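Heads up, the thing below is written out as structure tokens.
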Amino acid sequence: MTMSRRLPLQFAVLAATLSALCGTAYAQQAKEVTFAHQDMLVPLRLVMESGEVEKATGYKINWRMFSGGGDVIRAMASGDVQMGETGSSPLTAAASQGQDIKLFWISADIANAEALIARNASGISSMKDLAGKKVATPFVSTAHYQLMAGMKMDGVDPKSVNVMNMRPPEIAAAWERGDIDATFIWDPVLSKIKGTGKTIATSGSIGKRGAPTFEGIVVNAKWAAANEAFMVAFVKALNRANEEYKATGKSWTPDSPQTKAMAKWTKADPKDVGPAMALYSFPTMAEQVSPTWLGGGAAKAMANTAVFLKEQGRVQEVKPDYSAYVTTAYVEKAMGK
């Protein structure tokens, strides 16, 4: 065989080899997902610690920690992250901007897990006392939404309050330095500052007045559709962790392996884990798909939140219907429906 006749064959072999390598790389890539998590004390941390989803699916999960829901949403919009956990306010902002995401799991009814805490020496004993004060909260977060909603309910002009945009670690440092008078925040920062502050309102008290909030897990819609088996396995693991907390959570001590896992992934003090988790409510599978949550309530809460975000100039428009950004499909499949 001449050199000129051997070259096409060599190229064909090389092309086939490259094709096989590319196919392998694609398969490996398809079995990998990046998940953006935060520091809330929710049962998902038990799933992260156990590695059970990885074992059940063969996927590699890259767990990346972010300081707030807004950061999670931006990372998902960039394409670097396929899944993440975020509060209802950042979720609503993303949906209002048409981001291709689906809320598929309510990781927590925030209930009383976020609160407005005023420094003991600040002279603040009610929402109306916030006028002229420095109040920190992560902007576009559920805490920000609750703060502004609470002030509106109590007739406080938001322009009279110096509302400062800070991430949780920055809030903890500012509180320590005495730079702020109050903050609307969640754990683990909440537990750290309660000893030197007074609770003015909670997400639960404001929610009961018409502004409920939740923590949810969202996914890129196209990625989820292409990885349905993973999604179902992930939901089953989330439910398993919820059930474990409900069955044994009250007996966890700072030395329990579950408490240590929670503290590891959130940087919380182990002694604060139990009391902090007790402030949340974790919906069961049946509750997830009920009209209260994924079956309608979540979309309604998002619609109300969108109105607030538009008033704040955070979004340009309010969608006529937010149900397109919520799905019960993966929970129903996990339930065998």
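What you see is a predicted model; the values in this text were computed from it and never measured.
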Any donor-acceptor N/O pair, [X] side chain to [Y] backbone, under 3.5 Å:
X	Y	answer
Thr292	Gly297	no
Gln38	Glu85	yes
Lys198	Ser122	no
Thr305	Ser89	no
Lys267	Pro188	no
Thr92	Ala306	no
Gln99	Ile73	yes
Gln146	Ala211	yes
Gln82	Thr34	yes
Ser191	Asp187	no

I'd like to know if the side chain of [X] pairs up with that of [Y] as donor and acceptor (distance under 3.5 Å, no hydrogens or angles considered).
X	Y	result
Trp105	Asn239	no
Thr253	Asp255	no
Thr213	Glu114	no
Asn112	Thr202	yes

Below 4.5 Å, heavy atoms only, C-beta onward: do [X] and [Y] meet side chain to side chain?
X	Y	answer
Pro158	Lys152	no
Val235	Met231	no
Ile106	Pro283	yes
Gln288	Thr328	no
Asp272	Leu41	no

What's the verdict on side chain to side chain contact (heavy atoms under 4.5 Å, CB included) for Val53 and Val47, showing C-alpha distance, side-chain angles and the deciding distance? CA-CA 7 Å; Val53 179; Val47 175; 3.6 Å; yes
Kindly indicate, with the supporting measurements, whether the criterion side chain to side chain contact (heavy atoms under 4.5 Å, CB included) is fulfilled by Asp181 and Arg119. CA-CA 6 Å; Asp181 301 300; Arg119 185 182 297 282; 5.6 Å; no
With respect to Trp265, which candidate in Lys260, Met65, Met48 satisfies the side-chain contact (heavy atoms from CB on, under 4.5 Å) definition? Met48
Can you classify the ring geometry of [X] versus [Y] as parallel (below 30°), tilted (30 to 60°) or perpendicular (above 60°)?
X	Y	answer
His144	Phe308	perpendicular
Tyr325	Tyr322	tilted
Tyr59	Phe230	tilted

Determine whether more than 12 heavy atoms belonging to other residues, nucleotides or ligands lie under 6.0 Å from atom [atom1] of [X].
X	atom1	result
Lys134	NZ	no
Glu176	CD	no
Lys60	NZ	no

Gap separating the OH atom of Tyr145 from the OG atom of Ser88, nearest 0.5 angstrom: 7.5 Å
Should Phe35 and Leu44 be marked as a side chain to side chain contact (heavy atoms under 4.5 Å, CB included) after you check the CA-CA gap, both sets of side-chain angles, and the distance that decides it? CA-CA 12 Å; Phe35 189 105; Leu44 167 61; 3.8 Å; yes
Using a strict threshold of under 4.0 Å (side-chain N to carboxylate O), is an ion pair present between [Y] and [X]?
X	Y	value
Glu49	Arg45	no
Arg209	Asp154	yes
Arg167	Asp71	yes

What heavy-atom pair brings Phe184 and Ser203 nearest, and what distance separates the two atoms? CZ-N, 4.1 Å
Give the intermediate values and the outcome of salt bridge (Lys or Arg N to Asp or Glu O under 4.0 Å) for residues Lys222 and Asp100. CA-CA 8 Å; Lys222 288 188 177 67; Asp100 188 28; 3.3 Å; yes
